[in-house]
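Heads up, the thing below is written out as structure tokens.
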Amino acid sequence: MGKKKGTSKADAADDFLQTLEDFTSKENWDKFFTLRGSDDSFEWYAEWPQLRDSLLPLLRDSSPSSSSGSLQILVPGCGNSRLSEHLYDAGLRDVTNVDFSKVVISDMLRRNIRSRPEMRWRVMDITKMQLGDECFDTVLDKGALDALMEPEVGTKLGSQYLSEAKRVLKPGGKFICLTLAESHVLALIFSSFRFGWKMTVHSISQKRSSLKTFMVVAEKEKSTVLHEITSSFDLLSLGRNDAQGSGMCEALESENQIRRDCNNGSDLLYSHDDLKLGVKGDLAELTGGRRVKFTLGSNFSYRAVLLDAQKQTEPFVYHCGVFLVPKTRAHEWLFCSEEGQWQVVESSRAARLIMVYLDSSHNGVSMEDIQNDLSPMVTQLAPRNDDEAARIPYMMASDGIKKRNTIHEVTSSLTGEVVVEDVVYESSPSNTGGLSPSDDLAFRRLVFKRTEYLIQSEALLVEDGEIVDESQTEKTKTASQSKRKGNKKRNQETSGPIMKVSHDYLASSYHAGIISGFTLVSSYLKKAESSGKMVKTVIIGLGAGLLPMFLHGCFPFFDIEAVELDPVMLDVGKDYFGFTQTDRLKVHIADGIKYIRDVTNSESSSEKASDAVSKTESTSSNNAEGSTCPDILIIDVDSADSSGGLTCPASEFIEETFLLSVKRALPQHGLFVVNLVSRSQSVKDMVASRMKKVFDRLFSLQLEEEDDVNVVLFGLCSESVIGESDIPESAVILEELLKCQRLETKQSIIDSTNKLKCWK
């Protein structure tokens, strides 16, 4: 038998490292270094024999700017690596090592105090270094930046650290970063060292590791010239064999394209440091019409736009102002478009306006804390002003909500945080049954925290058939609070009316847009109603159940099935939005993609069985009794990941394989509807191009002229169904079929038919 091997301290430490979930935690690293001990070094990535030939010439080529003539080197996040010791032994003795782990600094000091007495060791947080400006010739990072770039904290710590590294470097100094070159790390390095830096990338050869180590070198210049990044290796051969090399090649090409575009005059998202360097001119001077997009951050990170009023001759109230845009309104035309932003500048009466966009990272942060965080940075961006006492005011765009009452909060394992809230808007819609827009109308909304700016479902609140105003919601709120306190006896005179959701009013304009598209198949719908045939309508994505409930009430000949992946949504719909199932309105808790493929397979099997009975017998309609084939299929689901520019639907629902399944599942008269939400025109064009490739004819409907975010697409399975010139006549048929009690809602649907356009 073999001898049982004992477990060393290094093994125990390595085991702990494998389970380490947070590489930014000082306590975790203290524990790791305590387990490992002072004599056993831990090396991130490449070791000295692989680094020596690339690193030493790079350091010795640097000209020390100190009077002592020695190169002053800073090693941040040093850990217990022997890198500094090797540098010292190679003659580079002016080395300062910092780490936030007191355990490892104490160990390293004891290990080197006699053999390397000139080496310095300091306990320090590398994101907030207590070091002077421009005091080092080289900052040498071996894995420190990689460790800071935890997905949970994003780029915040990495950005703070790089700002510190740039601050402590002398002009002509070098930031040398040894990294595994993950895409999010490269994105931060490349964007942080654009202006005033010359950058090269090297590949470190390693014999025993499957992972490459890359060395990124950024040299600090006095000019603001934007250089392309150079590399010391063949990009083609590097990216040919592995994902890591391919990722580096893609990142380099992408960044160099940005730099080329910028040098050719294209717009770019600058950093706060870039602006201070003067890349967009002297910020102390006002330049009429100057508009610069940039990022800034201290405790928090922000996206911002600097705008100098186009007419500098105007009598301004403020020389500089800050305008905060909440996350819920950041997507609106007024704040996201250039034309809209200039309107905000004009109304602010400020010579320079800095528009700052808040996002989910600022949730729970008070406005006072945000102003305190922004103030030092804003002061640096303000134009020169003779009045030293002039203040910089903070203005904020309202979220449009006059009153908000959270009714219910729940966390779903599939959807995340879900909120049901009753709101009163600052200005109410004008199509609510003849009431004055000045009335305080109450609406119930369903919101997913993952896409807070997107209202998933919205309904008008009524009581006994009447629209509920703000005073009634207050009474109801008081009543519900009383009930929670144990007052079980309900007194009608004191508790106020019960709020109910109106199912014959469409608060969401895209719902009216979807239904207006039924015009495209209204002739078939008319025939079905006349013959007593049910029209099967499938909606993938239940939301709060408002669209299915509206269709159920307004189209008595519709047989409706809703397919919803998340059972929590069904509970929310039933408990808070009055959703109910009937014999012609049912919900399937299922995967929408699989549901449609099952329908397709079922239809294929049915057709084969029919052929086997009699090849000469005429086949029945695709919508015959017992068939699962829908006449109308609506996709109304949001995307859990909108980073690719697609907010609705999820990307799987616009893949060509799924679209082909839909085409096979629908009959010749069938209608396919997609609610598409994206700010990117290229994304919209891509989705439309895929649908046009599969469907015989494609129509689109832009909901609002000023809203370029939301569009509804309609795919038809036959070119002969309808043409654009037939829409007015077909809309008349739809109007006859629509049994809607609220005339203004019916009119909004018919008005939307005028916006239906054939996608050329």
Side-chain angles (χ1 to χ4, degrees), residues 431 504-506 508-539 547-548 550-560 621-623 629-636 662-663 666-676 688 691-692 694-705 707 710-760:
N431 62 336
D504 61 354
Y505 174 79
L506 296 175
S508 299
S509 60
Y510 83 90
H511 281 166
I514 287 174
I515 298 168
S516 72
F518 293 177
T519 294
L520 302 172
V521 292
S522 62
S523 294
Y524 172 78
L525 298 181
K526 180 65 175 176
K527 291 177 184 177
E529 186 212 29
S530 301
S531 63
K533 186 182 295 183
M534 299 300 288
V535 172
K536 182 159 185 178
T537 303
V538 174
I539 304 171
L547 179 59
F550 183 88
L551 296 179
H552 179 268
C554 296
F555 293 96
F557 58 99
F558 273 26
D559 184 8
I560 304 163
S621 165
N622 274 344
N623 200 38
C629 179
D631 298 292
I632 300 172
L633 174 60
I634 300 169
I635 305 296
D636 186 19
V662 170
K663 178 74 178 294
L666 289 173
Q668 283 295 297
H669 61 260
L671 177 67
F672 179 51
V673 186
V674 176
N675 177 38
L676 176 61
M691 287 184 62
K692 198 170 190 323
V694 172
F695 292 91
D696 295 81
R697 182 159 288 181
L698 184 66
F699 285 82
S700 67
L701 186 146
Q702 188 78 50
L703 294 179
E704 302 291 344
E705 291 182 4
D707 180 8
N710 192 278
V711 64
V712 184
L713 297 176
F714 305 90
L716 294 172
C717 298
S718 172
E719 287 189 5
S720 61
V721 173
I722 193 173
E724 194 170 308
S725 61
D726 302 320
I727 288 177
E729 184 178 347
S730 298
V732 174
I733 299 175
L734 179 65
E735 187 173 6
E736 293 172 356
L737 295 171
L738 192 57
K739 311 303 181 188
C740 183
Q741 298 298 314
R742 206 176 287 276
L743 295 180
E744 71 284 351
T745 299
K746 186 175 186 177
Q747 190 59 50
S748 69
I749 293 171
I750 301 305
D751 288 346
S752 293
T753 63
N754 298 323
K755 301 175 184 176
L756 287 166
K757 304 294 181 185
C758 187
W759 194 283
K760 306 299 183 182

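The analysis underlying the following values was restricted to heavy atoms, covering all of them including side chains, and did not include hydrogens, waters or symmetry mates.
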Self-check item: Distance, nearest 0.5 Å, that separates NZ of K526 from OG of S523
Solution: 10.5 Å
Self-check item: Spacing of L671 atom CG and L633 atom CG [to the nearest 0.5 Å]
Solution: 9.0 Å
Exercise. Taking the side chain as every heavy atom from C-beta outward, state whether D631 and Y524 have any pair of such atoms under 4.5 Å apart.
Key: yes
Quiz prompt | F714 vs L756 side-chain heavy atoms within contact, under 4.5 Å | solution = yes
Practice problem: Report yes if the side chains of F672 and M691 come closer than 4.5 Å at any heavy-atom pair, otherwise no. | Solution: yes
Quiz item: Do D636 and Y510 have side chains that get closer than 4.5 Å, going by heavy atoms?
Solution: yes
Practice problem: Indicate the atoms forming the closest heavy-atom contact of G723 with R697, along with that distance. | Solution: CA-NH1, 3.4 Å
Quiz item: Mind checking whether V521 and H669 have side chains closer than 4.5 Å, heavy atoms only?
Solution: no
Quiz prompt | K663 NZ: over 12 foreign heavy atoms closer than 6.0 Å | solution = yes
Quiz item: Where the side chain of S730 meets the backbone of S522, is there a donor-acceptor pair that is under 3.5 Å apart?
Solution: no
Quiz prompt | Any side-chain heavy-atom pair of I635 and V662 under 4.5 Å | solution = no
Practice problem: Indicate the atoms forming the closest heavy-atom contact of L701 with V711, along with that distance. | Solution: O-CG2, 3.2 Å
Self-check item: More than 12 heavy atoms from other groups under 6.0 Å of CD on E729
Solution: no
Quiz prompt | Shortest non-hydrogen contact between L716 and I722, atoms and distance | solution = CD1-CG2, 3.7 Å
Quiz item: For the atom pair NE2 (H511) and CD1 (I634), what is the distance rounded to the nearest 0.5 Å?
Solution: 8.5 Å
Quiz item: Below 4.5 Å, heavy atoms only, C-beta onward: do F550 and C740 meet side chain to side chain?
Solution: yes
Exercise. Just jot down the side-chain contact (heavy atoms from CB on, under 4.5 Å) partners of Q741, sequence neighbours excluded, or say none.
Key: D504
Quiz item: Would you say I750 and T519 make side-chain contact, with heavy atoms under 4.5 Å?
Solution: no
Quiz item: How far does CG of L743 sit from OG of S748, to the nearest 0.5 angstrom?
Solution: 11.0 Å
Practice problem: For F695 and W759, run side chain to side chain contact (heavy atoms under 4.5 Å, CB included): C-alpha distance rounded to whole Å, both residues' side-chain angles, the deciding distance at 0.1 Å, then the answer. | Solution: CA-CA 11 Å; F695 292 91; W759 194 283; over 6 Å; no
Exercise. Classify the ring geometry between F557 and F555 as parallel (under 30°), tilted (30 to 60°) or perpendicular (over 60°).
Key: perpendicular
Exercise. Over all heavy atoms of both residues, which pair between Y505 and E744 is shortest? Give the atoms and the distance, please.
Key: CD1-OE2, 4.4 Å
Quiz item: So, K739 side chain and E736 main chain: donor-acceptor pair closer than 3.5 Å or not?
Solution: yes
Quiz item: Out of curiosity, H552 NE2 to L547 CG, how far, rounded to the nearest 0.5 Å?
Solution: 13.0 Å
Practice problem: Can you sort out the partners of K746 under salt bridge (Lys or Arg N to Asp or Glu O under 4.0 Å), two or more places apart, ordered by chain and number? | Solution: none
Quiz item: What heavy-atom pair brings V538 and P630 nearest, and what distance separates the two atoms?
Solution: CG2-CB, 3.7 Å
Quiz item: Of the non-hydrogen atoms in L713 and S700, which two are nearest, and what is the gap between them?
Solution: CD2-CB, 3.6 Å
Quiz item: Going from CG on L551 to CD1 on I560, what distance comes out if it is rounded to the nearest 0.5 angstrom?
Solution: 5.0 Å
